[in-house]
Number of protein chains: 2
Amino acid sequence: MIKISNVKNTIIQGETVETLRQFPDKSIDCIFADPPYFMQTEGTLLRTEGTAFQGVDDDWDKFSSYNEYDQFCFEWLKECQRVLKDKGSIWVIGSFQNVYRLGYIMQELGFWILNDVIWEKSNPAPNFRGTRLTNAHETMLWCTKNKKASYTFNYQTMKFLNGNKQERSVWNIPLCTGNERLKDKNGKKLHATQKPEKLLEKVILSSTKPGDLILDPFMGTGTTAAVATQLARNFVGIEREEKYVKAATERVKAVPYVTNDPIMLASLDVKKPRVPIERLIEAGMLKERESLFDKFGGNGVVLKTTGCLDDGDSVLSIHKMSAKKLGKTNHNGWDYWFVKRGDDLVSINEFRENYREQFENE
Amino acid sequence: MIKISNVKNTIIQGETVETLRQFPDKSIDCIFADPPYFMQTEGTLLRTEGTAFQGVDDDWDKFSSYNEYDQFCFEWLKECQRVLKDKGSIWVIGSFQNVYRLGYIMQELGFWILNDVIWEKSNPAPNFRGTRLTNAHETMLWCTKNKKASYTFNYQTMKFLNGNKQERSVWNIPLCTGNERLKDKNGKKLHATQKPEKLLEKVILSSTKPGDLILDPFMGTGTTAAVATQLARNFVGIEREEKYVKAATERVKAVPYVTNDPIMLASLDVKKPRVPIERLIEAGMLKERESLFDKFGGNGVVLKTTGCLDDGDSVLSIHKMSAKKLGKTNHNGWDYWFVKRGDDLVSINEFRENYREQFENE
DNA sequence: CATTGATATGAATCCTACG
DNA sequence: ACGTAGGATTCATATCAAT
């Protein structure tokens, strides 16, 4: 059995399933898996000008049938589910050749799909023969271990980085090319399917916190490890081929800096501690039996020791009472109620903020 | 058994599978299917013809909970495969809740995926709770009956309509709203998932010829029927609920006009008849033993009666000879060779075009 | 050094009618 | 059914050489 502390921020050379079986249960915060796609291509594809297109022709992508591929995926996905923490989540990337196998199997295993995310390629390889639509995207499945599981989603961070609009399920990102693409001694691409760092950046920023441990069971050239490191997360990788293990290890060592940008550290999504209104009474910020008003000074109600409000007709929580005054079923009372301090109306939310600042280290 | 001529351009009220079973084999050119999602858990275990997961341990079935939906989809997809012509193709649309079931089952049935096409919604409903990425797309699977099947793809039409660039697998199209959306007496939307006509337009334009028969086994409000009619294709629909049958029938009747735009009628993709170069000699357009040249007047070769070219070294077809001159294995000789007419060099392709015009009715 | 043009290349289920 | 010949087919971007 592997001790996590011994493998944190390393790449283990080995077979995915075999190696995963040595991991303890519920030890991983997030998984990014880029398995073989089982492309089923035959022969050579010529470009229009006559040169050969260099697609995926590696042994690791060869399977004898869907059945064999399904079983392989069933096995590694089952291990991923076991090693994932209850509040963890998993990303799996594929293309139309394999993603319907992956999605089906994951649903059978009880994984719960949060989103399927489309990586729309801004510069895809064209369809040289004009036989189909240019295949310009890949699909990622983002899932929890099961239907009921909670999970990390840095909503505010993603919204901020998307020009203050909700991030959507279609991401337009270029292919991994140029300097980012690792090359061998002959200047040829080291790996057939290296993913762009931009893609991993969005994956990690959206679904992990700084310090989380991210597993990549098909590490390849180590994009997950490099981006995790840069974003102040931890990683552990599994990779079968020695040359990729070496290249990825070098790559991670060379990550130029670890970010200290608070946005990248998910500061926007740090949950503030809950402060019951009774705490504000105990702290002397609000007084028992004092009156609360709406922002115009109307709708006066009396604050009870329990933190509930009495309008002479009923006794309700600050939220239910503001909802009642507004004729709604739900409302956030912290934004509705004010107290009188001298001649001014002061929002009770201001007292809550003050309380948090004063007692933040408790 | 239903006679196709009796149901052409009508909507049949009935259950999908039951009705499809009355259709003759190989009678449909194209299918567009927008099936319901109804995911019922805890159904009876019914396997898909034994092909799935033989040899996988018992954990498999323990996790199964989508069986009833799978079984339903297996049945209607199998009937679709039966009624589809050998050269037909099928489109199936779904979202992450069901599309992995659909894709998996289609692959199990032997359907061959040509593309998965993403309908990216330009105006999706936001995620109100901020709990996930905004689900801003749906997925369509475009498939032939089997791996070897040929199919209709109007490549040039799609390219033309896309600003003369290859059409890609991600389509950005707004939701169906406004006047296009059918309403009931109370002004509420008549159907929960009415698809935009623009989507069906691209589906039909890319994969059918005018006059083709398009089946929609879950017709709903009849978007497929309306767009098929407008684009001079035929349709047959199946729909369970009477109110939708009525609304869709009215809708088709009201289609304002049938297009006569040659682009929409796929004129760009009409295959031109093959003209062997010997025909041009017989027609007196080219002369035996005259010389052919490249576009600069160089590389002179002699035209033989057989239509082959002699460069003094070897005798080859116009294609092989142009390839030889270019140092390639393949080339289109029609674009390479010219003859002298007066002081001008004239492309032999021009003579081919003239020949086609002159003898087009043969 | 700046600009222009040629070349290289990316997870690809990449042809079809005729004899 | 199968082999073969005809002939149709590419977009965005990075790099590097040439001007």
Side-chain angles (χ1 to χ4, degrees), chain A residues 34-58 60-61 63 66 69 93-100 119 121-139 172 174-181 183 187-189 191-196 218 220, chain B residues 87 107 111-116 142-144 146-151 153 155-156 159 162-169 269 271-278 307-308 316-323 328-337 348-349 352:
Chain A
D34 182 12
Y37 285 10
F38 186 30
M39 297 286 285
Q40 304 189 53
T41 53
E42 289 165 8
T44 52
L45 174 61
L46 298 181
R47 298 168 185 281
T48 314
E49 86 277 5
T51 61
F53 177 81
Q54 214 61 50
V56 176
D57 193 31
D58 301 84
W60 48 254
D61 199 47
F63 295 85
Y66 281 133
Y69 184 75
I93 186 167
S95 180
F96 70 85
Q97 295 87 346
N98 70 324
V99 79
Y100 300 96
W119 168 27
K121 303 175 183 181
S122 53
N123 53 346
N127 181 301
F128 301 115
R129 299 299 293 268
T131 56
R132 305 174 179 198
L133 299 163
T134 305
N135 187 19
H137 73 277
E138 296 187 26
T139 301
N172 191 294
L175 296 168
C176 177
T177 59
N179 282 336
E180 191 186 320
R181 190 94 194 205
K183 307 289 199 304
K188 295 288 170 191
K189 60 185 174 190
H191 194 284
T193 71
Q194 187 179 339
K195 295 291 176 288
F218 305 94
Chain B
K87 295 186 178 182
Q107 288 186 315
F111 284 104
W112 192 247
I113 301 176
L114 297 170
N115 284 113
D116 57 348
W142 179 37
C143 307
T144 52
N146 58 63
K147 181 174 180 174
K148 300 293 178 193
S150 65
Y151 53 94
F153 176 48
Y155 174 78
Q156 296 293 355
K159 184 175 172 181
N162 190 41
N164 229 27
K165 310 239 165 179
Q166 285 192 339
E167 183 61 87
R168 297 185 177 185
S169 59
D269 284 286
K271 294 280 183 300
K272 292 175 181 168
R274 199 173 85 85
V275 180
I277 193 166
E278 301 97 290
C308 286
L316 300 168
S317 75
I318 58 170
H319 309 296
K320 292 292 176 198
M321 186 61 85
S322 62
K328 295 184 176 185
T329 47
N330 291 301
H331 190 256
N332 185 345
W334 289 105
D335 294 333
Y336 185 89
W337 297 110
I348 61 171
N349 204 30
R352 182 169 67 156

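Basis for what follows: all heavy atoms, side chains included, without hydrogens, waters or symmetry-related copies. No experiment lies behind these values; they were computed from the predicted model shown. In what follows, chains carry the letters A, B, and so on, assigned in the order in which the sequence lines appear, proteins first and then strands, with residues in each chain numbered from 1.
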Legend entry - Protein proximity profile, nucleotides 11-17 of chain C - base contact B, sugar-phosphate-only contact S, no contact -, cut-off 4.0 Å on heavy atoms: BBBBB--
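- Residue B/H319 has a polar side-chain atom (N or O) positioned under 4.0 Å from OP1 or OP2 of D/dG7.
- If you take CZ of B/R352 and P of D/dG6, they are 12 Å apart, rounded to a whole angstrom.
- Between C/dA11 and D/dT15, the distance separating the two P atoms is 15 Å to the nearest Å.
- Of all nucleotides present, none satisfies the Watson-Crick or G-U wobble test against C/dA11 with each distance under 3.5 Å.
- Taking 4.0 angstrom as the limit, B/K272 places none of its side-chain polar atoms (N or O) nearer than this to OP1 or OP2 of D/dG7.
- Across all strands shown, nothing is found opposite D/dG7 as a Watson-Crick or G-U wobble partner with both distances under 3.5 Å.
- Between B/W112 and B/Y151, the gap from one ring centroid to the other reaches at least 6.0 Å.
- The residue B/P276 sits apart from the nucleic acid: no heavy atom pair falls under 4.0 Å.
- In terms of phosphate contacts, B/K320 brings no side-chain nitrogen or oxygen within less than 4.0 Å of OP1 or OP2 of D/dG7.
- Contacts of A/T134 with the nucleic acid, taken as non-hydrogen atoms under 4.0 Å apart, are absent.
- Taking the C1' atoms as reference points, D/dC16 lies 16 Å from C/dC1, given to the whole Å.
- The side chain of A/N179 contributes an N or O atom lying less than 4.0 Å from OP1 or OP2 of D/dT15.
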